[in-house]
Amino acid sequence: MNTSRIPGFYNMTVEERRKILAEQAGFTKEETAHLSQANPLSLDTADNMIENVIGTYQLPLGLGLNFLINGKEYVVPMAIEEPSVVASASYIAKLVRNAGGFTTEATDRIMIGQIQVVGCSDFDLAKKALLREKDMLLEGANAAYPSIVARGGGAQDLEVRILNDDSGSKYGQMLVLHLYINTCDAMGANIINTMVEALAPVVEDLTKGKVYLRILSNLADRCMARAKCVIPPELLASGDYSGEEVRDGVVHAYEFAASDPYRAVTHNKGIMNGIDPIVIATGNDWRAVEAGAHAYAARFGKYSSMTDWYADDEGNLVGELELPMSVGTVGGSIRVHPISQIAHKMLGVESAQELAQVIVSVGLAQNLGALKALVTDGIQKGHMALHSRSVAMAAGAKGELIDIIAEQLINEKEIRVGKAKELVAKTKR
Ligand code: NDP
């Protein structure tokens with residue numbers, strides 16, 4: 001994309017938006033056709049993706065605009081059914097852009113494979129045997145998936161833990177081998193699972209125990225991405241609220257989430273509102289990302305806020321988000337689903353590391369969007385106005401009537417389906 005700022009995009013028709021996007025992203029004729037097609041994911045492809053297929057399920061695909069991350073422009077594809085998320089992400093991205101944009105970083109893409117061993121007669125000896133044969137085990141893992149080694153990745157290290165070592169534990173003692181694998185630009189589940197399954201017989205031999213589970217861990221805490229924004233208070237002023245008031249409100253809202261799991265879970269749901277749509281649009285496994293993110297939010301033994309918000313010495317509002325981000329630009333359904341391929345092209349990311357950094361930036365933006373609304377007018381004002389169209393449609397409005405009913409609902413300050421049904425019925429009399 002040339003720029004992620006497309007003035008007036010909201011007011012264009014879908015066709016006008018597609019035309020601009022296709023020009024900017026350099027779509028081929030085929031890609032443009034996919035975007036305009038009623039069912040881009042064909043039944044045939046779907047039938048080969050999962051089992052017992054009876055159809056396909058569609059979601060709206062919108063564009064998060066205005067994102068400036070490490071000085072680079074991004075147009076963010078977002079697949080989501082909830083109104084106001086795309087608008088809020090784009091609004092905050094513009095605000096952060098005026099403050100210089102997001103800065104991000106990511107670790108190497110090291111994923112974890114686990115091998116569970118039970119029934120060892122001496123767990124300490126079993127652990128020593130595995131550590132002694134570390135090089136042989138790493139070689140064995142890499143021999144099971146040589147192509148990832150050729151790409152510069154592969155199994156790079158291992159660790160061994162003994163669980164339930166404490167005689168007071170109600171669970172049986174077991175040994176867990178962690179294999180640390182660089183999966184390059186793939187999420188890596190299949191690469192990892194292939195490696196740990198291949199190692200299992202050798203691990204049984206060395207430990208004299210029995211191997212049960214051999215699978216990746218979705219707590220991908222060595223495959224991290226971080227985003228940060230620093231916003232001067234004057235950019236935060238909103239209506240009757242001064243920038244300082246908004247900044248302090250956001251910090252208090254964060255402190256609430258950091259202290260209380262009941263609030264943290266809703267706070268974090270708002271962050272995932274930004275993260276899931278891009279994970280879904282890019283063909284990635286959003287259950288894996290969700291599981292890893294929530295587990296990471298509880299890493300200190302108590303479920304807490306995924307983000308940090310504070311005021312720095314200059315009075316700026318600073319936001320930071322750090323999460324495991326096990327996503328890929330290849331593998332799984334990424335190159336199978338035609339819209340996922342288009343999503344990658346419009347994003348213009350060159351690696352999984354870069355994609356992970358865009359995703360956490362969107363999550364951070366979404367969090368600020370929700371907190372800013374919550375500490376000022378409340379969430380309903382903006383949300384319900386955007387929700388009014390869905391309410392009108394749920395009440396049976398079609399075509400031009402959708403906007404007419406939606407506007408009446410907003411004017412009468414009663415955005416609910418019962419009211420919309422009354423209004424639709426009136427138009428039929
Ligand atoms: P794949 O099995 O599709 O593996 C990715 C493949 O992409 C590699 O085998 C590699 O093959 C190829 N490739 C091409 N270019 C690159 C590159 N630059 N970097 C890395 N690989 C490259 O997918 P994953 O292993 O990523 O597995 C993801 C899938 O696993 C998802 O669909 C997920 O839902 C699923 N899954 C998730 C689980 C979980 O989260 N708990 C459990 C089980 C499955 P080659 O080198 O031969 O070209």
Side-chain angles (χ1 to χ4, degrees), residues 107-145 148-149 153-184 186-225 285 287-304 322-328 331:
T107 62
D108 281 344
R109 306 205 65 268
I110 308 296
M111 296 286 289
I112 303 170
Q114 295 193 297
I115 301 178
Q116 176 200 29
V117 192
V118 301
C120 303
S121 54
D122 186 326
F123 280 93
D124 290 320
L125 272 184
K127 179 176 176 176
K128 278 185 192 138
L130 291 173
L131 292 175
R132 196 172 50 240
E133 295 299 338
K134 178 174 158 177
D135 290 347
M136 183 266 280
L137 288 165
L138 294 179
E139 269 173 37
N142 285 328
Y145 217 111
I148 200 69
V149 182
Q156 296 182 345
D157 201 1
L158 62 79
E159 260 177 5
V160 183
R161 297 184 299 141
I162 298 174
L163 302 188
N164 310 329
D165 216 2
D166 169 6
S167 57
S169 170
K170 65 176 178 175
Y171 304 111
Q173 219 178 359
M174 68 185 75
L175 179 148
V176 182
L177 185 148
H178 272 199
L179 193 61
Y180 298 118
I181 305 160
N182 185 331
T183 58
C184 301
M187 180 267 195
N190 293 316
I191 298 169
I192 298 161
N193 296 345
T194 304
M195 286 188 176
V196 286
E197 286 194 8
L199 280 194
V202 193
V203 169
E204 281 193 337
D205 197 41
L206 288 169
T207 58
K208 311 289 180 245
K210 177 160 178 54
V211 167
Y212 275 107
L213 270 60
R214 297 140 292 159
I215 189 162
L216 85 157
S217 167
N218 285 113
L219 180 49
D221 61 2
R222 296 183 176 215
C223 182
M224 304 291 297
D285 183 338
R287 288 87 54 208
V289 172
E290 279 274 350
H294 291 288
Y296 194 69
R299 67 193 177 283
F300 299 123
K302 181 182 162 197
Y303 187 78
S304 186
E322 172 188 78
L323 284 178
M325 203 41 70
S326 57
V327 289

- Query: Would R222 and D108 pass as an ion pair if we require N to O under 4.0 Å?
  - Reply: no
- Query: So which heavy atom on A155 is nearest to which on N142, and how close?
  - Reply: N-OD1, 2.6 Å
- Query: Nearest heavy-atom pair of V211 and E204: which atoms, and what distance?
  - Reply: N-OE2, 2.7 Å
- Which atom pair, heavy atoms only, marks the closest approach of D285 to A288? OD1-N, 3.1 Å
- Side chains of I215 and V196 in contact at under 4.5 Å (non-hydrogen atoms): no
- Message: Please report the interatomic distance NZ(K210) to CD(Q116), rounded to the nearest 0.5 Å.
- Response: 10.5 Å
- Should the pair K302 and F300 be classed as cation-pi, given the thresholds of under 6.0 Å to the six-membered ring centre and 45° from the axis? no
- Can you see which heavy atom on K208 is nearest to which on D205, and at what distance? NZ-O, 2.7 Å
- Query: How close do M195 and G154 get, heavy atom to heavy atom, and via which atoms?
  - Reply: CE-CA, 4.2 Å
- Task: Before giving the answer on side-chain contact (heavy atoms from CB on, under 4.5 Å), spell out for D157 and K134 the whole-Å C-alpha distance, their side-chain angles and the decisive distance to 0.1 Å.
- Result: CA-CA 8 Å; D157 201 1; K134 178 174 158 177; 2.8 Å; yes
- Query: Does the side-chain contact (heavy atoms from CB on, under 4.5 Å) test come out yes or no for D165 and Q173, once each step is laid out?
  - Reply: CA-CA 6 Å; D165 216 2; Q173 219 178 359; 2.7 Å; yes
- Grab the two heavy atoms, one from D122 and one from D124, that are nearest each other, plus how far apart they are. OD1-N, 3.0 Å
